[in-house]
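Just below is one structure, and these are the notes that go with it.
Here is how names work: the chains are called A, B, and so on, in the same order as the sequence lines, proteins then strands, and each is numbered from 1.
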Amino acid sequence: IIISLIRLDNGIELKLNDAHVHFSFGLRVVESAGSCSWFYSKPQRTAVKSEHCCWFPRDFFFEAAASFLCCFCSPPRIKDEPDDDGFYASPKEDSKPLKRPREDDDVKACFQGEGNTVPGSNRFFLILQDSKAKKAKSKDKKVPEADKRKKPKKEEEQKWKWWEEERYPEGIKWKFLEHKGPVFAPPYEPLPENVKFYYDGKVMKLSTKAEEVATFFAKMLDHEYTTKEIFRKNFFKDWRKEMTPEEKSTITNLSKCDFTHMSQYFKAQTEARKQMSKEEKQKIKDENERLLKEYGYCVMDNHKERIANFKIEPPGLFRGRGNHPKMGMLKRRIMPEDIIINCSKDSKIPPPPPGHKWKEVRHDNKVTWLVSWTENIQGSIKYIMLNPSSRIKGEKDWQKYETARRLKKCVDKIRNQYREDWKSKEMKVRQRAVALYFIDKLALRAGNEKEEGETADTVGCCSLRVEHIKLHPELDGQEYVVEFDFLGKDSIRYYNKVPVEKRVFKNLQLFMENKQPEDDLFDRLNTSILNKHLQDLMEGLTAKVFRTYNASITLQQQLKELTNPDDNIPAKILSYNRANRAVAILCNHQRAPPKTFEKSMMNLQSKIDAKKEQLADARRELKSAKADAKVRRDEKSKKSVESKKKAVQRIEEQLMKLEVQATDREENKQIALSTSKLNYLDPRISVAWCKKWGIPIEKIYNKTQREKFAWAIDMAEEDFEF
DNA sequence: AGTCGGACTTAGCATTTATTCG
DNA sequence: CGAATAAATGCTAAGTCCGACT
């Protein structure tokens with residue numbers, strides 16, 4: 001449906017349909033697009049407020065013009081500012097404006113400009129005509145069918161390139177933010193009457209509140225941790241808080257509680273869900289999609305952006321990682337009264353669910369979150385924030401890699417410095433220098449101190465204790481070996497035997513003198529002291545930058561080393577994965593071997609065997625066909641030889657692919673690649689590698705990852721150097 | 001210098017969805 | 001086509017780091 005007719009200053013007319021307008025303008029502006037509005041080819045902050053102005057992304061504008069112009073005429077393509085040297089200024093590095101300035105323009109001033117294009121700028125003005133007056137006219141000019149069909153695709157391709165725009169000044173995260181608030185967990189549905197809970201062998205009907213908490217436990221019955229003392233103790237304590245006085249006086253011993261019937265019921269439910277018909281499944285899917293469409297997006301500064309976690313965490317039993325002292329505690333249901341909403345003053349403020357109120361509505365554009373609440377287990381704040389594909393996350397990510405690249409420039413100096421500091425007279429300086437050496441060489445985390453008894457006992461570099469390392473003056477033919485054995489983040493074990501320099505070794509001996517196993521190894525050091533020192537060495541330098549730097553530089557160097565130009569694509573990808581793996585090992589990104597690992601490995605092996613047989617068969621056939629051709633010497637048999645040859649080649653290739661896959665999987669058994677890929681490896685390294693060797697980017701990044709790294713995919717060329 | 005709340009990144013496992021296989 | 005398997009996505013815990021305050 002054509003709803004608007006637009007006339008350019010030079011008389012060219014554009015028709016826009018509904019979807020088109022929605023897509024490019026954002027919701028608010030569309031609603032108010034009245035009889036006369038101004039349009040710009042770049043975002044105008046004031047535009048959002050004044051309701052009479054809106055903007056097109058520039059490229060979209062021209063493409064739209066191409067598709068929609070009734071009397072087609074190639075619009076003047078206004079070039080961006082000169083392309084300096086193809087190098088995109090980094091967010092932090094450079095304070096000079098990026099490609100598209102975003103400064104607030106006075107709308108009137110634009111209006112009074114010299115024409116529809118201002119030389120040297122990319123402004124382009126449109127006048128939206130009174131759509132009623134033009135309706136009759138627009139009817140007889142029909143838009144070609146082909147263009148109509150092409151259009152949705154165009155929209156898909158037209159992604160906002162925020163990385164070509166200027167950033168906001170430090171501290172300001174947005175100018176306009178509108179969203180629909182969070183989606184709450186579905187309310188509790190009491191169990192059907194026939195599902196029983198037994199206490200001490202007797203049926204007992206629970207109050208709704210007590211029953212709800214009981215179902216949380218029942219759902220976990222198969223898990224090992226429901227047998228753990230701490231889990232049971234914590235659960236029982238919190239459960240009793242939800243009980244009525246009568247229940248409380250009856251139910252005094254968790255061991256006398258029988259949840260098995262409830263558990264069976266839930267298992268049956270899960271099974272039933274699996275068995276649902278296609279239509280029912282589709283219905284659920286549609287409903288989820290509707291929810292996503294309504295609540296999964298927000299408008300931030302003229303752009304519709306995807307929200308990461310718009311659903312509030314449902315209530316349940318807390319299960320920390322590792323040996324967590326709070327496991328089994330009740331994670332309570334979050335109500336609107338717990339929720340703080342953050343949005344623009346002039347936005348449509350999301351209404352709380354009927355009969356409820358928000359805890360608070362604030363308008364803080366110094367933060368990126370849309371919704372927050374305080375969680376009851378640790379008392380920490382949880383947030384609803386944007387998806388990694390959003391501008392606000394992407395900019396930060398890009399900046400992180402730029403900081404790491406700055407470290408690259410001065411890392412030698414820093415290394416020399418800490419080696420000097422090993423000899424310092426000051427204990428504090430020595431400890432700092434040894435800790436930094438570990439962080440640099442082993443990619444250890446900083447290691448903040450944690451409150452004892454509140455979380456699992458895990459450590460990082462600065463919080464290492466004497467009991468976590470063993471010193472071996474000599475081990476397996478190597479001198480000065482340090483053996484690390486401790487639980488790190490998520491209670492993942494770090495175990496490593498590392499030869500270190502003599503001076504480090506001697507220092508460690510010194511630090512351990514007269515200490516108990518549970519004493520801090522670096523007793524004069526913490527992360528704040530360390531980071532303060534790092535800040536002096538380089539602006540923006542913190543302990544974690546070393547992890548980013550070492551991960552990315554390792555990938556780049558491993559790719560150089562491992563890629564064989566003569567390899568085919570699968571073999572090159574194996575090389576990529578191996579380079580990725582080297583990083584994952586460095587960062588100690590482990591995973592539990594998948595439960596079905598052995599089985600799936602065997603399946604793959606049998607596939608390989610089958611393929612081998614198939615290859616042998618194909619070769620035999622080729623041989624006989626060749627013999628046949630020699631005798632008959634006719635066209636037909638020659639052709640047969642050719643096709644058999646091709647078959648052999650194809651099977652060989654398939655076999656090789658399978659074998660590569662098997663190697664890859666075996667090597668990956670206990671190593672998780674995704675964490676480093678997503679958080680530590682500068683995506684531009686991967687993009688450049690793909691471009692250099694002609695590997696399709698889809699082989700390296702899946703759809704979500706491509707969205708997250710759109711900036712890198714767009715800007716990195718083959719010659720990118722980290 | 002140390003403590004603490006707050007904001008944001010990083011992490012692995014669980015669940016869902018897509019693909020392959022029989 | 002449905003089951004099995006693999007890949008992708010979702011979930012939320014657990015880190016890092018900063019700045020206000022004492």
For [X], ring-ring contact (aromatic ring centres under 6.0 Å, His included) partners two or more places apart:
X	value
A:Phe546	none
A:Tyr265	none
A:Phe709	A:Tyr701
A:His324	A:Phe318

Residues from residues 375-385 of chain A sitting under 4.0 Å of DNA chain C, heavy atoms only?
->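 Hits under 4.0 Å, by residue number: A:Gln378, A:Lys382.
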List for me each residue that meets side-chain contact (heavy atoms from CB on, under 4.5 Å) alongside A:Arg430, sequence neighbours excluded, and say none if there are none.
->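 Counting only residues at least two positions away or on another chain, A:Arg430 forms a side-chain contact (heavy atoms from CB on, under 4.5 Å) with A:Ser424, A:Asn507, A:Leu510, A:Phe511.
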With sequence neighbours left out, what residues match A:Lys267 under side-chain contact (heavy atoms from CB on, under 4.5 Å)?
->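 Once residues adjacent in sequence are excluded, the partners of A:Lys267 under the side-chain contact (heavy atoms from CB on, under 4.5 Å) criterion are A:Asp222, A:Ser263.
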Check nucleotides 1-3 of chain C for protein N or O atoms closer than 3.5 Å to its own N or O atoms and list the pairs.
none

Base versus backbone protein contacts along nucleotides 15-22 of chain C [heavy-atom cut-off under 4.0 Å; B, S, -] = SBBS----
First-last contacting nucleotides on DNA chain B - partner chain A, under 4.0 angstrom, heavy atom |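 Nucleotide range in contact with chain A: B:dG2 to B:dC21.
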Scan for salt bridge (Lys or Arg N to Asp or Glu O under 4.0 Å) pairs involving residues 366-386 of chain A, sequence neighbours excluded, and state none if there are none.
->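 Residue pairs with at least one partner in residues 366-386 of chain A: A:Glu313-A:Lys382.
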Using the test side-chain hydrogen bond (donor to acceptor under 3.5 Å, both in side chains), find all partners of A:Asn526 that sit at least two apart in sequence or belong to another chain.
->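 side-chain hydrogen bond (donor to acceptor under 3.5 Å, both in side chains) check on A:Asn526 returns nothing, list empty.
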